[in-house]
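All remarks here apply to the structure that follows.
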Protein chains: 2
Amino acid sequence: MFAEIITIGDEILIGQIVDTNSAFISKALNKIGVSVYQITSVQDDKSHILKALKEAEQNADIIIITGGLGPTKDDITKKTIAEYFDDHLVQSNEVLDNIKRIWKDYIKKPLEQVNIDQALVPSKSEVLMNLYGSAPGMWLRKGNKVFVSLPGVPFEMKGLIDNQVIPKLRHSFKLPFIKHKTILTYGLGESSLAKRIEGWEDSLPNFIKLAYLPNLGRVRLRLSGKLDHKEKLETEIENQVKSLLPQIEDVFVGFEDDESIEVIIGKHLTNLNRTLALAESCTGGKIAQSLTANPGASKYFKGSIVSYSTETKTIALNVSSDLINNYSVVSAEVAEAMAKNALTLFNTDYALSTTGNAGPTKGDSDVEVGTVFIAIATKYTVYSKEFSFGNNRFRVIQKATNKAFEMLLKEISKK
Amino acid sequence: MFAEIITIGDEILIGQIVDTNSAFISKALNKIGVSVYQITSVQDDKSHILKALKEAEQNADIIIITGGLGPTKDDITKKTIAEYFDDHLVQSNEVLDNIKRIWKDYIKKPLEQVNIDQALVPSKSEVLMNLYGSAPGMWLRKGNKVFVSLPGVPFEMKGLIDNQVIPKLRHSFKLPFIKHKTILTYGLGESSLAKRIEGWEDSLPNFIKLAYLPNLGRVRLRLSGKLDHKEKLETEIENQVKSLLPQIEDVFVGFEDDESIEVIIGKHLTNLNRTLALAESCTGGKIAQSLTANPGASKYFKGSIVSYSTETKTIALNVSSDLINNYSVVSAEVAEAMAKNALTLFNTDYALSTTGNAGPTKGDSDVEVGTVFIAIATKYTVYSKEFSFGNNRFRVIQKATNKAFEMLLKEISKK
């Protein structure tokens, strides 16, 4: 069973926004055994949309369209869909009631014609109620194929996918079983890893595929299986993972299917009933932000001192200015003092600190751009490591964050 | 002049990674007057890649392919491109030398066959040297059309686009002139804004298009013009903006072409020689991280206290526990105390604080999920505002961050 995703909107094609909707929809479809054949981003243009719909109908059984449903003049999706189905637009009273409710409860302004027009839908479509916004989802059939049109606003689209589209697809099609298992590794490059596990990879059964996903110091190994027999697939994937793990013991960090390393750390800390504090300099709040993006962070995360200037390391973190003068603000000594002092200040079981120079120019220290020290303090120990993360600011911050999580997970996992 | 972008990789189609490359490439192409007709994401599959190449050749003059060039077994792009051009792969000594250099300087391990194979390129291709990685870019011509194949690793791809592809395209084609101007507004919904400026919008000349880009409390208005005559286009867009601004004075924040609001704030503070500190609770470091993602943040940003538990507001920020007990940790009083104390602690001109409940469950306070107080302190004043940002954690954090920047920019812009 194949799907195609069509995203409509000039803002994607001029690069003003990144299309995150397609990844969300692809993940949701994969989970129910629907493979995405292609993702196509097209212009807000009638003939282009018609062409994309026609091609998608040839490639796929399920066509999901997002975007182009807003109230303003650059949106022509709905009229084009009606034309594609030899149909016309009619007012949906159900949608109009929803729009009236939203305007009464949230917008608190009089309804305008552009909003009322959002209740127009192709007469052949089944409305998918959008509880979070005024643009409805629409479900249309053509022979055995299903077309779904959704608003482009991510959280409205997500609500419709989770609550309406996925359940209706499950009900409409007999779907095979798909399973992914992703293994997170740190510290070995893609090609060295590939060479090391070559024998194992070559012996994988043909219904399981392996992909390497390298990213700034970590490589994810993704196993993807597809089979009608659910238990057989799950057992086979588990067995393959079991035979792989001893070969990559030194670089294996964990499994990451829907879980990032920060979520894994959060779960460990919560289970162990332990707490964490941070003292961030060159990462500028990125580590705190990554942790607190996930619900439940307040169970283990006490706080961070983002000390973005030399003097604030003294003021807010009580790092002595003598130490800074003797060793420089980017040094193992200062990193360790930051971690120790954060541990004491926040009274936590673990504290992690970063100090470095993310670039593009040298700061209060003479060290090279890209030099970063990361320190970890516990009640029993404090240590630090030095890294060179290159001279691209974005990558230095991201690599330092990745490495910090790697060091932290290793520390937490110590027996 | 039209381009099509083809991204290759199952990891995009299963939703494991978001395709950010296409947005970067689209933006770079638009700047030199090349419109992106379509973005197509296809599977790591020979027949699918061949089909996409054929269709792109019909639609566009320039075809940019990213991904599928890694050293491991799931990559078949290069062989397929050779087949499409009736060509075969040959070893490029120039590429091999680059690989040897990278292995010697950075990897510091013996070269393996999979790495040596990365030096294979179609014999008809012109190599685009990738200084940041082992997979080369390739430039091929077919009649008047140009095909470019690039590695999928974002920073390698970016280096090749900026340093090689864009200059070569400028040299190969006579290109029209494109100009975008994006106006950032806060506080008025898409449809209200559309209604207010309807008359102005209707009078736009046909070579200028308007798009509405709404996102969590802000709407960007994007004007896009395309004309052979550069000066005429620039003048016309400036005149249109001048006639629009008086109509949206109350919601206008600034221009955002390549600039986000945090960059605009950073420039203002740097120019005014003023400094900023933060005290973040519910935003968990997001505001600090957004500011420090940009170079030069250390000129104006002193630091942030991320106080993620009630007691750390007392410990690290010196907010009295009486105040917290009397008013609750999520209150105007606590928000204002956090801002005032951050101002004092970091000795800055401005301080901003957030306290609230991002959900999904209620925390140490009884307030509803989504309630957020944002306070601003200066040497002369302190004030706060209360908001309800709904019950989606991600959106609460993002909306609070957006609103904080909006309040901050207004405060900084005060005469």
Side-chain angles (χ1 to χ4, degrees), chain A residues 10-11 13-16 18-20 23-24 26-27 30 36 38-42 70-74 107 109 112 114-115 155 180 189-192 194-195 211-213 222 284-286 288-289 292 295 297-298 301-309 312 315-316 345-346 360 363 392-393 395, chain B residues 10-11 13-16 18-20 23-24 26-27 30 36 38-42 70-72 74 107 109 112 114-115 155 180 189-192 194-195 201 211-213 222 284-286 288-289 292 295 297-298 301-309 312 315-316 345-346 360 363 392-393 395:
Chain A
D10 292 346
E11 63 273 27
L13 297 171
I14 72 163
Q16 193 145 20
V18 169
D19 168 27
T20 55
F24 180 88
S26 297
K27 206 177 240 180
N30 262 273
V36 175
Q38 183 168 308
I39 300 166
T40 311
S41 298
V42 303
T72 47
K73 302 189 179 196
D74 56 341
I107 312 282
K109 285 179 195 162
E112 293 166 17
V114 283
N115 310 118
F155 99 112
H180 301 290
E190 180 182 5
S191 54
S192 306
K195 188 160 181 235
Y212 294 81
L213 309 170
R222 191 194 63 230
K286 175 84 181 167
Q289 180 265 322
T292 59
S298 61
F301 179 56
K302 292 294 167 193
S304 178
I305 306 289
V306 181
S307 55
Y308 214 66
S309 66
T312 57
I315 296 167
L345 178 67
F346 289 109
N392 175 299
R393 182 180 181 85
R395 287 167 61 84
Chain B
D10 292 347
E11 62 273 26
L13 297 172
I14 73 163
Q16 194 145 19
V18 169
D19 168 28
T20 54
F24 180 87
S26 297
K27 206 179 240 179
N30 261 273
V36 176
Q38 184 168 308
I39 300 166
T40 311
S41 298
V42 304
T72 49
D74 55 340
I107 313 283
K109 285 179 195 161
E112 292 166 17
V114 283
N115 310 118
F155 99 112
H180 301 290
E190 180 183 4
S191 54
S192 306
K195 189 162 180 230
E201 185 179 352
Y212 294 81
L213 309 170
R222 190 194 64 231
K286 176 83 181 168
Q289 180 267 322
T292 59
S298 60
F301 179 56
K302 291 294 166 192
S304 177
I305 307 289
V306 181
S307 55
Y308 215 64
S309 65
T312 57
I315 296 167
L345 178 66
F346 289 108
N392 175 300
R393 182 180 181 86
R395 287 167 60 83

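Naming: A, B, ... by sequence-line order, numbering from 1 per chain.
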Of all heavy-atom pairs linking B:S26 and A:G15, the shortest is CB-N, 3.6 Å
Among A:V36, A:T40, A:I14, A:T312, the residue with the most heavy-atom pairs under 4.5 Å to chain B is A:I14
If you count heavy-atom pairs within less than 4.5 Å of chain A, which of B:D10, B:L13, B:N30 leads? B:L13
If I compare all heavy atoms of B:I305 with all of A:I305, which pair ends up nearest, and what's the gap? CD1-CD1, 3.4 Å
Of the listed A:K286, A:K195, A:R393, the one with the largest count of heavy-atom pairs under 4.5 Å with chain B is A:R393
Look at B:A297, B:G284, B:G285, B:S298 and state which one has the largest set of heavy-atom pairs under 4.5 Å with chain A. B:G284
With chain A, the option among B:S192, B:A288, B:S304 that has the most non-hydrogen atom pairs under 4.5 Å is B:S304
Atom pair CG/CZ of B:N392 and A:F155 - distance to nearest 0.5 Å: 7.0 Å
For a side chain to side chain contact (heavy atoms under 4.5 Å, CB included) check, start with the C-alpha distance between A:D19 and B:D19, then their side-chain angles and the critical distance, and finish with the verdict. CA-CA 7 Å; A:D19 168 27; B:D19 168 28; over 6 Å; no
Portion of B:E112 that has a non-hydrogen atom of chain A nearer than 4.5 angstrom: side chain
Given a strict heavy-atom distance threshold of 4.5 Å, which part of A:S307 is in contact with chain B: side chain, backbone, both, or neither? backbone
Flag the one option from A:S41, A:G303, A:A23, A:G189 with the top tally of heavy-atom pairs under 4.5 Å to chain B. A:S41
